[in-house]
A.B. asks: 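Take a look at the following structure, please.
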Protein chains: 2
Amino acid sequence: MSCETDTVKVLRTTGHKATPQRLMILAALRHGSGHLTATEIFGEVQVEYPYVDISTVYRTLGVLKELRLVSETDMGTGDTTYEWVQHQGRHHHLICRNCDEVTSLDHQYLEDLGAEIMAESGFKPDLDHFAIFGVCARCRLEAERN
Amino acid sequence: MSCETDTVKVLRTTGHKATPQRLMILAALRHGSGHLTATEIFGEVQVEYPYVDISTVYRTLGVLKELRLVSETDMGTGDTTYEWVQHQGRHHHLICRNCDEVTSLDHQYLEDLGAEIMAESGFKPDLDHFAIFGVCARCRLEAERN
DNA sequence: ATGGTACATGCAATTAATTGCAACTACATT
DNA sequence: AATGTAGTTGCAATTAATTGCATGTACCAT
């Protein structure tokens, strides 16, 4: 699989450059196990090239996000996480604001929502990786009991 | 209308306190025209009471968000905005990542999504104020032309 | 292969947001 | 009304993220 060269191609055709720093950030994202923070990616890259700057990491993540190669998600823990989109495929999270439990949500729900919005307004939404907050079944029942 | 005293009641029954600082922040949120940043709220409150601290503003917004009295939304401009939920009712935004145009989205779409999720998993999602990014009809057509 | 240029980088400085802690205060209970 | 306590505040320090700018470099066109 030539994900690496594919990505380089995408960068070039969109007027961006495939710099060594970017390739290292890409590698960190692709080999990482999803949900990486900017700081974690930074640390990873620093191992082989200690002179990268954190601002380069943020800027690269911004570009990759724009190109929809990575998704950015705040899981409610306070830090923003980044994930290589093709790595895990589209997926979503339901996060309980009472007990912080995280469960996953099938993409189909959002696929349908996206299709509806698209059909009625022409706007094509990016629904790659959502964090939806709310109250889980257990906490809700417990709250009702009081 | 006794929104003010209602809110105070909500605060008290949930184990929080109705401090003067909070009442001023509440007033700023209720009189403001939606989509206020923490800094804007801070400035507003400082007019009558210059000794508040920005951390108090953030902490109060956190509490109000938890109680779902305000919604927090990143409109993609880089700053997080807060809005008094009952002030404008539930509404959502479609934001084009190409031309930055912002249009609104009827709540019904998300109401339906919420009902579905609730029915199948028991998880009750908060879908008060979403910012959905994507590509608007105009930009999409323009992109296809190339 | 070379050169020009638009894009990227690193650094430093700035702004946004969070956190630890001692002092303080709202308010439920008495 | 007085009191105890849990919750809150302001301050200072920290961490996260962004931005301006001069220098550097990828890569397209020749």
Side-chain angles (χ1 to χ4, degrees), chain A residues 4-5 7-26 28 35-46 48-67 69-82 100, chain B residues 4-5 7-26 28 35-46 48-67 69-82 100:
Chain A
E4 196 83 39
T5 56
T7 306
V8 169
K9 209 176 290 173
V10 172
L11 280 171
R12 297 224 175 108
T13 57
T14 53
H16 297 97
K17 290 176 183 173
T19 65
Q21 290 92 331
R22 283 185 179 165
L23 297 181
M24 287 189 289
I25 292 166
L26 283 168
H35 296 146
L36 294 165
T37 65
T39 309
E40 282 166 350
I41 295 166
F42 180 53
E44 194 78 23
V45 173
Q46 272 191 317
E48 28 170 332
Y49 178 56
Y51 302 109
V52 254
D53 193 77
I54 187 75
S55 68
T56 300
V57 175
Y58 279 109
R59 282 190 276 224
T60 296
L61 290 171
V63 168
L64 296 175
K65 189 176 63 170
E66 219 172 87
L67 299 174
L69 296 172
V70 306
S71 64
E72 181 191 69
T73 315
D74 176 5
M75 299 284 286
T77 58
D79 30 40
T80 308
T81 61
Y82 299 87
D100 295 327
Chain B
E4 196 83 40
T5 58
T7 306
V8 169
K9 211 175 290 174
V10 172
L11 280 171
R12 297 228 174 107
T13 57
T14 53
H16 297 96
K17 290 176 182 172
T19 65
Q21 289 93 332
R22 284 186 178 162
L23 296 181
M24 287 188 290
I25 292 165
L26 283 168
H35 296 144
L36 294 165
T37 65
T39 309
E40 282 166 350
I41 295 165
F42 180 52
E44 194 79 24
V45 172
Q46 272 192 318
E48 26 169 335
Y49 179 57
Y51 302 109
V52 254
D53 194 77
I54 187 76
S55 68
T56 300
V57 175
Y58 278 109
R59 282 190 276 224
T60 296
L61 290 171
V63 169
L64 296 175
K65 189 175 63 172
E66 219 171 87
L67 299 174
L69 296 172
V70 306
S71 64
E72 182 190 70
T73 314
D74 178 4
M75 299 284 286
T77 57
D79 31 41
T80 308
T81 61
Y82 299 87
D100 294 327

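By convention in this document, chain letters (A, B, ...) are assigned in the order of the sequence lines, proteins followed by strands, and residues within each chain are numbered from 1. Bear in mind that the values here come from a model prediction, so they are computed numbers and not experimental data.
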A.B. asks: What does the inter-axis angle of the helix from C/dA1-D/dT30 to C/dT30-D/dA1 come out as, five pairs per end, nearest 10 degrees?
C.D. replies: 50°

A.B. asks: Hey, where on DNA chain C does chain B first and last touch, going 5' to 3'? Cut-off is any atom under 4.0 Å from a heavy atom.
C.D. replies: C/dA16 to C/dA28

A.B. asks: Could you check whether any side-chain N or O of A/Thr56 sits under 3.5 Å from a backbone N or O of A/Val52, counting only pairs where one atom can act as donor and the other as acceptor?
C.D. replies: no

A.B. asks: Is a side-chain N or O of A/Arg22 found less than 3.5 angstrom from the main chain of A/Lys17, in a donor-acceptor match?
C.D. replies: yes

A.B. asks: Is there a residue in residues 50-62 of chain A whose heavy atoms reach under 4.0 Å of DNA chain C, and which residues are they?
C.D. replies: A/Tyr51, A/Val52, A/Asp53, A/Ser55, A/Thr56, A/Arg59

A.B. asks: Which is more 5' along DNA chain C, the nucleotide nearest B/Tyr82 or the one nearest B/Thr19? Just name the residue.
C.D. replies: B/Tyr82

A.B. asks: Between B/Val63 and B/Leu11, is the side-chain contact (heavy atoms from CB on, under 4.5 Å) condition met? List the steps.
C.D. replies: CA-CA 9 Å; B/Val63 169; B/Leu11 280 171; 4.2 Å; yes

A.B. asks: Tell me: CZ of A/Arg12 to P of D/dA29, nearest whole Å?
C.D. replies: 13 Å

A.B. asks: Under a 3.5 Å distance rule, please check whether B/Thr81 uses its side chain to pair with a backbone N or O of B/Thr73 as donor and acceptor.
C.D. replies: yes

A.B. asks: Take atom NZ of B/Lys17 and atom P of D/dG10, then tell me their distance rounded to the nearest Å.
C.D. replies: 14 Å

A.B. asks: Roughly how far apart are B/Arg59 CZ and B/Gln21 CD, rounded to 0.5 Å?
C.D. replies: 11.0 Å

A.B. asks: When the nearest nucleotide of DNA chain C is assigned to B/Thr80 and to A/His16 on a heavy-atom basis, which residue is associated with the more 5' position?
C.D. replies: A/His16

A.B. asks: Round to a whole Å and report the spacing from CZ of A/Arg22 to C1' of D/dA26.
C.D. replies: 10 Å

A.B. asks: Just so I know, are the side chains of A/Thr80 and A/Thr37 near enough to count as touching, which here means a heavy-atom distance under 4.5 Å?
C.D. replies: no

A.B. asks: Does A/Tyr49 reach a base, just sugar-phosphate, or nothing at all? Heavy atoms under 4.0 Å.
C.D. replies: sugar-phosphate

A.B. asks: In the structure I gave you, are the side-chain heavy atoms of A/Leu67 and A/Thr14 within less than 4.5 Å of one another anywhere?
C.D. replies: yes

A.B. asks: What distance separates B/Leu64 CG from B/Ser71 OG, expressed to the nearest 0.5 Å?
C.D. replies: 11.0 Å

